[in-house]
Engineer: 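Okay, handing you the structure first.
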Amino acid sequence: MANILVVDDELGIRDLLFEILNDEGHNVELAENAAEARAARQRARPDLVLLDIWMPDTDGVTLLKEWSTAGLLTMPVIMMSGHATIDTAVDATRIGAFAFLEKPITLQKLLKAVEQGLARESARRAAAGVVPTPTGQGQPSSITTTGDSLLMASLASVPVPDQGPQSTQSFDLDRPLRDARDGFEKAYFEFHLAMENGSMTRVAEKTGLERTHLYRKLKQLGVDLSRGRRSAV
């Protein structure tokens with residue numbers, strides 16, 4: 001789980017990216033302009049930033065350059081735009097952007113870029129002797145004590161009961177067909193969410209549904225999307 005900052009002046013894009021990344025188990029903070037992005041960066045350093053290029057007050061490239069000049073570009077930044085030229089993308093990369101995504105952004109490219117950016121950040125922290133904490137921030141690995149290690153080992157040996165949905169269930173068939181079908185589908189998706197630790201990408205692959213359609217289906221059935229992520233958080 002990582003802390004991701006999404007900066008985009010379009011509400012629809014912010015909401016969509018929030019839903020997708022939140023479903024993947026990340027903590028997501030939203031900003032609609034450069035001013036809000038600066039404040040978010042000052043409050044707590046995100047593990048990764050998705051930054052739109054064209055914004056009304058300060059464009060994304062200018063903000064990226066500002067962070068780079070001030071020594072604040074210490075996290076991977078993925079630039080986004082639907083109208084940027086190749087020169088703009090090259091300039092952003094030279095300043096320090098990790099990647100560039102062209103709108104409309106496909107789910108596969110988004111998740112792949114985020115995964116690669118976070119992997120690079122993890123490798124950088126590991127090289128610096130920093131380990132991740134539950135909040136997504138890092139701390140020196142040297143502070144881990146022997147007592148802490150023993151406690152972690154003892155906790156790891158405690159069996160954890162399986163609280164997820166069972167693969168075999170019974171259904172009340174004395175109901176209208178639509179209600180019975182919805183009940184089955186809800187149980188079906190809850191089972192796969194639990195098996196895949198809440199990963200919408202893996203559930204989509206397992207069930208053969210396109211990810212956006214899957215998300216709408218789960219919302220329609222009233223499936224609790226946080227249940228499957230309990231063991232992963």
Engineer: Can you confirm whether Gln42 is buried at CD, in the sense that more than 12 heavy atoms of other residues, nucleotides or ligands lie under 6.0 Å from that atom?
Structural biologist: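 For Gln42, atom CD is not crowded (no more than 12 foreign heavy atoms under 6.0 Å).
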Engineer: Please identify each residue that fulfils side chain to side chain donor-acceptor pair (under 3.5 Å) with Arg94, with sequence neighbours left out.
Structural biologist: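 Scan of Arg94 (side chain to side chain donor-acceptor pair (under 3.5 Å), adjacent residues dropped) gives none.
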Engineer: With a 4.5 Å limit on heavy-atom distance, are the side chains of Arg41 and Val49 in contact?
Structural biologist: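 Sidechains of Val49 and Arg41: no contact.
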Engineer: Dump the intermediate steps for side-chain contact (heavy atoms from CB on, under 4.5 Å) on Ile105 and Leu16, then the final yes or no.
Structural biologist: CA-CA 11 Å; Ile105 302 171; Leu16 178 61; over 6 Å; no
Engineer: Write down the atom of Ala37, the atom of Leu63, and the distance for their closest heavy-atom approach.
Structural biologist: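 It is CB-CD2, 3.8 Å.
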Engineer: Return the minimal non-hydrogen interatomic distance between Gly60 and Met55, and the atom names on each side.
Structural biologist: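 Where Gly60 meets Met55 most closely, the heavy atoms are N-CE, 4.0 Å.
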Engineer: Taking side-chain contact (heavy atoms from CB on, under 4.5 Å) as the criterion, tell me which of Asp59, Thr93, Ile53 meets it with Thr88.
Structural biologist: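 Looking at Asp59, Thr93, Ile53, the match for Thr88 under the side-chain contact (heavy atoms from CB on, under 4.5 Å) is Ile53.
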Engineer: Using 0.5 Å steps for rounding, measure from the CG atom of Leu5 to the CZ atom of Arg45.
Structural biologist: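 Here the interatomic distance stands at 12.5 Å.
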Engineer: If you round to the nearest 0.5 Å, how far is CZ of Phe98 from CG of Leu64?
Structural biologist: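 So the gap between those two atoms works out to 13.5 Å.
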Engineer: Which pair of non-hydrogen atoms, one from Glu121 and one from Asp47, has the smallest distance, and what is that distance?
Structural biologist: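 Smallest heavy-atom distance, with atoms named: CG-O, 4.0 Å.
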Engineer: Going by the side-chain contact (heavy atoms from CB on, under 4.5 Å) test, name the single residue among Val28, Leu110, Ile4, Val114 that passes it with Leu17.
Structural biologist: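 It is Leu110, the one option of Val28, Leu110, Ile4, Val114 that forms the side-chain contact (heavy atoms from CB on, under 4.5 Å) with Leu17.
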Engineer: Among all residues two or more places apart in sequence or in another chain, which pass the side chain to side chain donor-acceptor pair (under 3.5 Å) test with Ser68?
Structural biologist: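 Side chain to side chain donor-acceptor pair (under 3.5 Å) check on Ser68 returns nothing, list empty.
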Engineer: Measuring from Leu11:CG to Asp15:CG, what's the distance to the nearest 0.5 Å?
Structural biologist: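 With rounding to 0.5 Å, CG (Leu11) is 4.5 Å from CG (Asp15).
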Engineer: Looking at residues at least two apart in the chain, or sitting in another chain, which of them share a side chain to side chain donor-acceptor pair (under 3.5 Å) with Glu32?
Structural biologist: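 Partners of Glu32 by the side chain to side chain donor-acceptor pair (under 3.5 Å) criterion come out as none, since no residue qualifies.
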Engineer: Identify the two heavy atoms, one from Leu30 and one from Glu36, that lie closest to each other, and give their separation to 0.1 Å.
Structural biologist: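 Residues Leu30 and Glu36, closest heavy atoms: O-OE1, 4.3 Å.
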Engineer: If you compare all heavy atoms of Arg14 against all heavy atoms of Asp8, which two are closest, and at what distance to 0.1 Å?
Structural biologist: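 Minimum heavy-atom contact is NH1-O, 2.8 Å.
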Engineer: Within the supplied structure, the quantity of interest is the number of heavy atoms (other residues, nucleotides, ligands) at a distance under 6.0 Å from Gln116 CD; does it exceed 12?
Structural biologist: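 Check passes, neighbour count above 12.
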Engineer: Which value, rounded to the nearest 0.5 Å, describes the distance between Leu111 atom CG and Thr201 atom OG1?
Structural biologist: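 The CG atom of Leu111 sits 4.5 Å away from the OG1 atom of Thr201.
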Engineer: With a 4.0 Å cut-off on N to O distance, would you call Asp91 and Lys65 a salt bridge?
Structural biologist: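 The answer is no: the pair does not qualify as a salt bridge.
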Engineer: What pair of heavy atoms forms the shortest contact from Val7 to Met80, and how long is it?
Structural biologist: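 Looks like O-CE, 3.9 Å.
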